[in-house]
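Structure, as structure tokens:
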Amino acid sequence: MKKKARASATRTAKRRKGAPAAGQALVRRAAPVVQPPAASGDAKAEMRRLKMQIARANAHIETLQAAAETDFLLGIPNRRGFERELGRAISYIQRYQAGGALIVLDVDRLKPINDNFGHAAGDEVLKAIVAMLSQQIRSSDVIGRLGGDEFALLLWNLSETDAHAKAAAFEEDIDRLSFIFEGHMVATGVSAGVAILGPHSDGAKALADADRAMYVRKAQRRHEI
């Protein structure tokens, strides 16, 4: 009987050794939390969407900027756009010791054309002048409309002698233009002023110098006529 009692006590002790103590809760190890793959995919899709929105916004800004710097009638830079191009050109000239010329042109007799035949006739004259100038400049050169009947050309790598010869050629070619409005033949012309661009040039001063030279030339042409 004693042997049976000892054996029963031993079995009971073994069972108690593997069991938790009284009052102690049984703790189970929690499984690790894994993010579903869809969450990562959603983040990438959101990033792509934001990048597309930024790209569209930047493209819209560039379009608005181009519109703000372009003459809507002639499709060339307006004063703002031309001044920006002139600033860039002068920075390049200063950095690389390059050269160029600035020519300002004022259209002669445009006001009488507008007064007598309407602004549509004056617009046709301006378009014809820009078309002729565009044929005589290089793709790297820039032509802009400063306002009204005044234009400016930025020409690269011209000496002072060549720049004045180019300005004279512009005057001669445009003097030969003629138009017929309401049965009347109408002629026009331009007066050109030149400023040379170099490493020490300033954009505003160059424009002012070329503008003054243009008015001197306009007075000479009146005297010649």
Side-chain angles (χ1 to χ4, degrees), residues 13-104 119-120 123 126-127 129-131 133-148 150-158 195 197-208 210-211:
K14 286 181 179 180
R15 285 196 301 269
R16 287 178 177 176
K17 187 176 181 180
Q24 184 178 9
L26 180 63
V27 179
R28 294 183 180 179
R29 183 175 297 175
V33 177
V34 179
Q35 291 289 344
S40 177
D42 290 345
K44 290 180 179 179
E46 180 66 12
M47 287 294 294
R48 287 195 298 268
R49 187 183 68 82
L50 291 175
K51 287 180 179 179
M52 289 178 64
Q53 284 185 343
I54 293 172
R56 285 196 294 266
N58 289 335
H60 185 58
I61 290 171
E62 291 178 0
T63 300
L64 292 176
Q65 183 177 9
E69 296 181 350
T70 301
D71 183 89
F72 73 93
L73 174 66
L74 304 174
I76 60 176
N78 57 18
R79 175 179 283 273
R80 178 179 176 181
F82 185 83
E83 288 178 348
R84 180 174 61 84
E85 292 297 327
L86 179 60
R88 288 179 176 177
I90 290 177
S91 296
Y92 181 92
I93 287 170
Q94 291 172 345
R95 181 173 182 179
Y96 296 103
Q97 301 297 305
L102 176 65
I103 299 179
V104 169
H119 286 275
D123 290 347
L126 295 178
K127 291 177 182 178
I129 289 173
V130 170
L133 293 174
S134 299
Q135 291 173 358
Q136 298 189 33
I137 62 175
R138 296 160 295 187
S139 59
S140 58
D141 299 332
V142 180
I143 176 173
R145 186 183 185 185
L146 300 182
E150 194 170 68
F151 296 89
L153 294 104
L154 170 62
L155 308 176
W156 288 96
N157 301 320
L158 285 183
L197 302 176
H200 302 291
S201 293
D202 173 79
K205 185 177 184 303
L207 275 172
D211 200 53

From CG (Asp71) to CG (Asn78), nearest 0.5 Å: 6.5 Å
Shortest non-hydrogen contact from Ala98 toward Pro199: O-CD, 4.4 Å
With a 4.5 Å limit on heavy-atom distance, are the side chains of Leu73 and Lys127 in contact? yes
Validation row: Arg145, Val130 side chains within 4.5 angstrom (heavy atoms): no
Heavy-atom side-chain contact between Leu74 and Ile143 under 4.5 Å: no
Do Arg49 and Glu46 come close enough that some side-chain heavy atom pair is under 4.5 Å? yes
Here the pair of heavy atoms bringing Ile76 nearest to Gly144 is CD1-C, 3.8 Å
What is the distance from atom CG of Asp202 to atom CG of Leu86, rounded to the nearest 0.5 Å? 8.5 Å
Any side-chain heavy-atom pair from Glu69 and Glu85 closer than 4.5 angstrom? no
Gap separating the OG atom of Ser201 from the CG atom of Leu102, nearest 0.5 angstrom: 9.0 Å
CZ of Arg138 to CG of Asn157, rounded to nearest 0.5 Å, is 6.0 Å
Is there side-chain contact between Trp156 and Ile93, with heavy atoms separated by less than 4.5 Å? yes
Roughly how far, to the nearest 0.5 Å, is CG of Leu197 from CD of Gln94? 10.0 Å
Quick check: do Asp141 and Leu153 have side-chain heavy atoms less than 4.5 Å from each other? no
Rounded distance [0.5 Å steps], CD1 in Ile103 versus CG in Leu158: 7.0 Å
